[in-house]
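Any value given below was found using the heavy atoms of this structure, including those in side chains, with hydrogens, waters and symmetry copies removed. When a ligand or atom number is given, it counts from 1 through the structure's own listing order.
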Amino acid sequence: MNYYFHVPFCRSKCGYCAFYSEPHPTPRMIGRYLDRIESDLEEYEPEGPCETINFGGGTPTLLSTAQLERLFRAIEKRLKPEKTTEISIEANPETLDREKVQLIRSFANRISLGVQSFRPKFRDTLGRDCCQKALRQAIELIAEAKFPHWNCDLIYAIPGQKGADFRHDLEEAFATGADHVSCYNLTPEEGARLSDRLIPDEEDSVKMWKKAGELAEAAGFHRYEISNYAKKNGECRHNVNVWRGGLLKGFGPAAASFDGKKRSIQPESIRSWLRRSVPEFDEIPLGDRLNEIFIINLRTTNGWTPKLWKSVPDADSWHRRVEAARKAASKTSDSFFEISSHRIRLTEEGMLFWNSVAESII
Ligand code: SF4
């Protein structure tokens, strides 16, 4: 089982972000959040081995060291992670100090640092509140704590960002010692504070995506998903499992779950969630669900093999998948796909047109 904990609190709201989170939470609100998580964990009967635990948000590291310790102990008691469990947490540089990083390292084996850009002016454009000193200090603390795996998050195609600026960001990220770099194309999100100003240039986006692939390779990283690059064995297992239709149990407001048949999502408001409002269930016909899973993992460079497809809950035949891919290729372009009896995946060109591929399959 893969577990996700949504920690819905942030210091302030970044201009590009449409994820559910509460800026400036009171200690009382965080206390009530932890009470509810503890109670949900007590009521929960773990299913199978604990493969991955992922803390996202929001900003999980906005919690104090004592609050994080309380959360970790509750999880440890109920989910009993093993030595092989991947435990990953998202972190914001401004919220880290040595004591907190050491505590996180005692529980987690992966940390993901939200850098977005190493240049302050582009973080300002993004409405991301983080000073250069905090960023440098966070990188030092993470390196000092010797996490087996760590990730730097970057955003590209920020208005005003040139190719050379992005190159600088990538080189800085590859030089930190991280074994994973995520590079997300700036996407105007409905409901984000600065959505009307943060419009990426499409041509720049394509050029920067291609440049990221080249520079990653030169630095010993490989692209394994449209937006993700890793050194050998540095791939995020939690994400890989979820993309392949693995089981997911989510805790916290706005947390998604997948039980192999149905997806559900907890209320996107901490108040409703604390009142125990029922989650929203997304029950779609089996064929549509299989198509969704099929499409998501086509974002990865490995794509699908018959063995991987067989592990999807209620999977149909490999033959049906080959047919679906051929049909999509005929509606889009043959050059987008590599289709054989032992693998279906997108070419680099196909990845650039993943949205069109997805539309042609749905
Ligand atoms: S991007 Fe992250 S830190 Fe910024 S508001 Fe969204 S969840 Fe919070």
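- Counting only distance, with no hydrogens or angles, the side chain of Arg78 and the backbone of Asp40 share no donor-acceptor pair below 3.5 Å.
- Annotation: cation-pi pair Arg223/Trp209 present, NZ/CZ under 6.0 Å from the ring centroid and within 45° of its normal.
- In Arg128, the part holding a heavy atom less than 4.0 Å from any atom of ligand 1 is the side chain.
- The 12-atom threshold is not exceeded at CD of Glu280, counting heavy atoms of other residues, nucleotides or ligands nearer than 6.0 Å.
- Relative to the six-membered ring of Phe294, Arg321 meets both conditions, a distance below 6.0 Å and an angle of at most 45° to the axis.
- Geometrically, Lys249 engages Phe251 in a cation-pi contact, judged by NZ or CZ lying under 6.0 Å from the ring centre and within 45° of the ring axis.
- Under a cut-off of 6.0 angstrom, the local environment of CZ in Arg197 is sparse, with at most 12 non-hydrogen atoms contributed by other residues, nucleotides or ligands.
- Within the listing of ligand 1, atoms 1 (S) sit less than 4.0 angstrom from a heavy atom of Tyr16.
- Rounded to the nearest 0.5 Å, atoms CG (Leu308) and CD1 (Ile293) are 12.5 Å apart.
- Take a cut-off of 2.8 Å around atom 8 (Fe) of ligand 1: the protein N, O or S atoms inside it are Cys10 SG.
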